[in-house]
Amino acid sequence: MLEELERGASDKVRANLEAFSPGATELILGYAFADVVSREGIDLRTREMLTVGMLAAMATAPGQLEFHMRAALNSGVTREEIVEIVLQVSVYAGVPACMNAVAVAKKAFQAREQI
């Protein structure tokens, strides 16, 4: 599932987590991706839109937000839709969270243009 979101992500994340603690990959990603994200009922594109909105509202996980913005783009979400999600964050999570998400979105858009 992670590989579906971004090519090469699975190997990078696995290496990072296993270097931290053997078995961490299964514990953390097994729950997130195998048990939750892969469930039927909401398509991956919609899940990524929701994830971007929630991470942007949290304003505490810029690395994950950037990854999921790229993953959203890879899942068919448009740049314009991400802009609208970020603007919506300003209303319900505040302008500071929105401003953080704007900075992250600019990085994600730039990374996407380099592909």
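What you see is a predicted model, and the numbers here were worked out from it, not measured in a lab.
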- Which other residues end up in the same hydrophobic cluster as Tyr31, if Ile, Leu, Val, Met, Phe, Trp and Tyr are linked when side-chain heavy atoms come under 4.5 Å apart?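 In the cluster with Tyr31 are Val36.
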
- Message: Which residues end up grouped with Leu50 if you chain together Ile, Leu, Val, Met, Phe, Trp and Tyr wherever their side-chain heavy atoms are less than 4.5 Å apart?
- Response: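 Traced through the cluster, Leu50 reaches Ile42, Met54.
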
- With hydrophobic residues grouped by side-chain heavy-atom distances under 4.5 Å, do Leu65 and Val89 end up in a single group?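 Different clusters.
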
- Message: Check this for me: does any side-chain nitrogen of one of Arg112 and Glu6 sit under 4.0 Å from a carboxylate oxygen of the other?
- Response: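 No.
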
- Item | Pairwise salt bridge (Lys or Arg N to Asp or Glu O under 4.0 Å) hits with a residue in residues 88-99, at least two apart |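 Pairs touching residues 88-99 that pass the test: none.
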
- Can you tell me which residue pairs pass the salt bridge (Lys or Arg N to Asp or Glu O under 4.0 Å) test with a partner in residues 95-105, sequence neighbours excluded?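 Matches after skipping sequence neighbours: none remain.
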
- Atom pair CG/OG of Leu2 and Ser10 - distance to nearest 0.5 Å: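 Reported to 0.5 Å precision, the distance equals 5.0 Å.
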
- First locate atom CG of Leu5, then atom CZ of Phe67, and finally report the distance between them rounded to the nearest 0.5 Å.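 So the CG of Leu5 and the CZ of Phe67 are separated by 5.0 Å.
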
- Message: Run the salt bridge (Lys or Arg N to Asp or Glu O under 4.0 Å) test against Glu3 and tell me which residues pass, sequence neighbours left out.
- Response: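 Here no residue qualifies.
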
- Query: Who passes side-chain contact (heavy atoms from CB on, under 4.5 Å) against Leu17, sequence neighbours left out?
  - Reply: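 So Leu17 forms a side-chain contact (heavy atoms from CB on, under 4.5 Å) with Val13, Ala24, Thr25, Ile28, Leu29.
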
- List for me each residue that meets side-chain contact (heavy atoms from CB on, under 4.5 Å) alongside Glu26, sequence neighbours excluded, and say none if there are none.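 side-chain contact (heavy atoms from CB on, under 4.5 Å) list for Glu26, sorted by chain: empty.
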
- Task: Would you mind reporting whether Met49 and Ile82 have side-chain heavy atoms less than 4.5 Å apart?
- Result: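 Not in contact.
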
- Message: So Arg79 and Glu113, do their side chains get closer than 4.5 Å, heavy atoms only?
- Response: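 Yes. Closest side-chain heavy atoms under 4.5 Å.
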
- Message: Considering only residues two or more places apart or on different chains, which pairs with a residue in residues 44-67 satisfy side chain to side chain donor-acceptor pair (under 3.5 Å)?
- Response: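 Applying side chain to side chain donor-acceptor pair (under 3.5 Å) to every pair that reaches into residues 44-67, excluding sequence neighbours, yields Asp43-Thr46, Arg45-Glu81, Glu48-His68, Glu66-Arg70.
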
Under 3.5 Å, side-chain donor or acceptor atoms of residues 90-109 against the rest of the protein: list the pairs with distances, not counting sequence neighbours.
unit_1, atom_1, unit_2, atom_2, d
Ser90, OG, Leu87, O, 2.6

